[in-house]
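These notes are about the structure you will find just below.
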Amino acid sequence: MPHALNDPVIAWYADHARDLPWRTPDASAWAVMVSEFMLQQTPVSRVLPMYEAWLTRWPTPTALADDEPGEAVRAWGRLGYPRRALRLHGAATAIRDRHKGEVPDDHEKLLALPGVGEYTAAAVASFAFRQRHAVLDTNVRRVLARTVDGTEYPPQSTTAAERRTATDAMPLADETAATWAVAVMELGALVCTARTPRCADCPVAAMCAWRLAGKPAYAGPPRRGQTYAGTDRQVRGKLLAVLREAHGPVPQARLDAVWDEPVQRARALDGLVADGLVEPVADGVYRLPTGAPVSS
DNA sequence: TACCCGTGGCG
DNA sequence: TCGCCAAGGGT
């Protein structure tokens, strides 16, 4: 028996879906994968220009794999979480070397790629290859928490119960399940939003457990804030910005200028090197990674 | 598991 | 104003 949410959500999507470039029929699996990496924790509006630039420059996984990882980091710009750029380059390299340059259509093989976790593997398999997978991102989890579970927000980390709920809500046929996956995600992004849900515009408001219960306030544990100012993350961001904008090796002094606390600055730089985002090229000289073996 | 990892816009 | 939030992954 189909889930009661399916038809109204799919019909709503047909009328309200945003016209996003990675959803067009000619978008390749690689294009879908690039979009998914960029969209991890990053709003669509900021992804759009970077996505276009990347697909133009690196239209296939092999094209990216044949370029330096540092170029991927540079082209990532200010999207944030630059390790994603490195992992996307690593995924492209694995696709070139292990999959003949073709994005694998198998969930397990996708999951084995760097930077591809449970969500991204399911998303690529569903969106690009039209397979049936539970695609559980923050939007879908929130929609199901509200409509099915009657709570304002899902738990902090994905639970087995959520997976069960998501699987139960999935249409049986592959193609329909794939449409459902993108539709319920879009509903979460546009209507069933985190802060101010637009229940008046929701196609399933009449059957939403949370709304029917009077929208009880979130009662779970407090969600940890993401403080930023003064953290290592901010310092890393400033250091990497210098390296991105400089086309070539950068002397230590240029890096020292972005943060005056030396202990934290050194820790942040060491972290970037450990993550492979920065390469020491000589004593006190650094650059974005070339992909060449590190010389001692 | 809890925590770390960027960046910017919005209510 | 400033905390919250944004298509997560790795360890």
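Residue numbers begin at 1 in each chain, while the letters A, B, ... track the order of the sequences.
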Next on the checklist: Under 4.0 Å, heavy atoms only, any strand: does A:Arg46 hit a base, just the sugar-phosphate, or nothing?
Outcome noted: base

Checklist entry - According to the interplanar angle, ranging from 0 to 90°, do the rings of A:Trp54 and A:Trp58 count as parallel (below 30°), tilted (30 to 60°) or perpendicular (above 60°)? => result perpendicular

Item to check | d(CZ, A:Arg233; P, B:dT7) in whole Å | outcome: 10 Å

Item to check | Whole-Å gap separating P (B:dT7) and CZ (A:Phe37) | outcome: 19 Å

Item to check | Whole-Å distance separating the CZ atom of A:Arg87 from the P atom of C:dG10 | outcome: 6 Å

Checklist outcome for this item: Note: for A:Thr42 and A:Arg83 on DNA chain C, the residue whose nearest nucleotide lies more 5' is A:Thr42

Checklist entry - What integer number of Å spans the P atoms of B:dC5 and C:dA7? => result 22 Å

Checklist entry - Is there side-chain contact between A:Val103 and A:His99, with heavy atoms separated by less than 4.5 Å? => result no

Checklist entry - Across the strands shown, which category fits A:Gly80 at heavy-atom distances under 4.0 angstrom: base, sugar-phosphate, nothing? => result base

Item to check | Phosphate contact (C:dA7 OP1 or OP2) by A:Gln40 side-chain N/O below 4.0 Å | outcome: no

Next on the checklist: Tell me the interatomic distance from A:Glu118, atom CD, to C:dA7, atom P, rounded to whole angstroms.
Outcome noted: 18 Å

Next on the checklist: For A:Trp22, run the ring pair (Phe, Tyr, Trp, His ring centres under 6.0 Å) check against A:Phe37, A:Trp30, A:Phe127, A:Tyr51 and tell me which one passes.
Outcome noted: A:Tyr51

Checklist entry - DNA chain B: A:Lys238 or A:Thr158, which has the more 5' nearest nucleotide? => result A:Thr158

Next on the checklist: At 4.0 Å (heavy atoms only), tell me whether A:Gln156 reaches a base, stays on the sugar-phosphate, or touches nothing.
Outcome noted: nothing

Next on the checklist: Any base atoms under 4.0 Å from A:Asp232, or only sugar-phosphate, or nothing? Heavy atoms, all strands.
Outcome noted: sugar-phosphate

Next on the checklist: Go nucleotide by nucleotide along DNA chain B from the 5' end; which of A:Ser157 and A:Ser45 gets its closest nucleotide reached first?
Outcome noted: A:Ser157

Checklist entry - Rounded to the Å, how far apart are A:Tyr228 OH and B:dG6 P? => result 8 Å

Checklist outcome for this item: Ranking C:dA7, B:dC5, C:dC4 by distance to the side chain of A:Arg195, first place goes to C:dC4

Next on the checklist: Can you tell me if A:Glu245 has over 12 outside heavy atoms packed within less than 6.0 Å of its CD?
Outcome noted: yes

Next on the checklist: Whole angstroms only, please: what is the CZ-P distance between A:Arg84 and C:dG8?
Outcome noted: 9 Å

Checklist entry - Can you check whether A:Arg78 has a side-chain N or O nearer than 4.0 Å to OP1 or OP2 of B:dG6? => result no

Checklist entry - Looking only at atom C1', what distance separates B:dG8 and C:dG10, rounded to whole Å? => result 24 Å

Checklist entry - Tell me, do A:His89 and A:Glu71 make a side-chain contact under 4.5 Å, heavy atoms counted? => result no

Next on the checklist: Just the rounded figure in Å: distance from C1' of C:dA6 to CD of A:Glu36.
Outcome noted: 13 Å

Checklist entry - Does A:Thr227 make a side-chain donor-acceptor contact with the base of C:dG3, cut-off 3.5 Å? => result no

Checklist entry - Base, sugar-phosphate, or nothing: which does A:Thr120 touch, judged by heavy atoms less than 4.0 Å apart? => result sugar-phosphate

Checklist entry - NA contact type, A:Thr231, heavy-atom cut-off 4.0 Å: base, sugar-phosphate, or nothing? => result nothing

Next on the checklist: Please report the distance, rounded to the nearest Å, between CG in A:Leu86 and P in C:dG9.
Outcome noted: 16 Å

Checklist entry - A:Trp22 near the nucleic acid: base, sugar-phosphate alone, or nothing, with a heavy-atom cut-off under 4.0 Å? => result base

Checklist entry - Contact class for A:Leu20 vs. all strands (heavy atom < 4.0 Å): base, sugar-phosphate, or nothing? => result base

Next on the checklist: With nearest nucleotide decided by heavy atoms, which residue, A:Gly115 or A:Met185, maps closer to the 5′ end of DNA chain C?
Outcome noted: A:Met185

Item to check | Spacing of the P atoms in C:dG9 and B:dT1 (rounded, Å) | outcome: 15 Å

Item to check | Residue pair A:Asp201, A:Arg198: steps toward the salt bridge (charged side-chain N to carboxylate O under 4.0 Å, His left out) verdict | outcome: CA-CA 6 Å; A:Asp201 299 324; A:Arg198 303 166 51 197; 2.8 Å; yes

Checklist outcome for this item: Testing C:dG8, B:dG8, C:dA7 for proximity to the side chain of A:Glu186, the answer is C:dA7

Next on the checklist: Regarding A:Leu79, tell me which of base, sugar-phosphate or nothing describes its non-hydrogen contacts under 4.0 Å with the strands shown.
Outcome noted: base

Checklist entry - What is the nucleic acid contact for A:Ala194, judged by heavy atoms within less than 4.0 Å: base, sugar-phosphate only, or nothing? => result sugar-phosphate

Checklist entry - Where the side chain of A:Arg23 is defined as all heavy atoms beyond and including C-beta, which of B:dC4, C:dA7, C:dA6 is the nearest nucleotide? => result C:dA7

Next on the checklist: Is the shortest side-chain heavy-atom distance between A:Val191 and A:His16 below 4.5 Å?
Outcome noted: no

Checklist entry - How would you label the contact of A:Phe127 with the nucleic acid (heavy atoms, under 4.0 Å): base, sugar-phosphate, or nothing? => result nothing

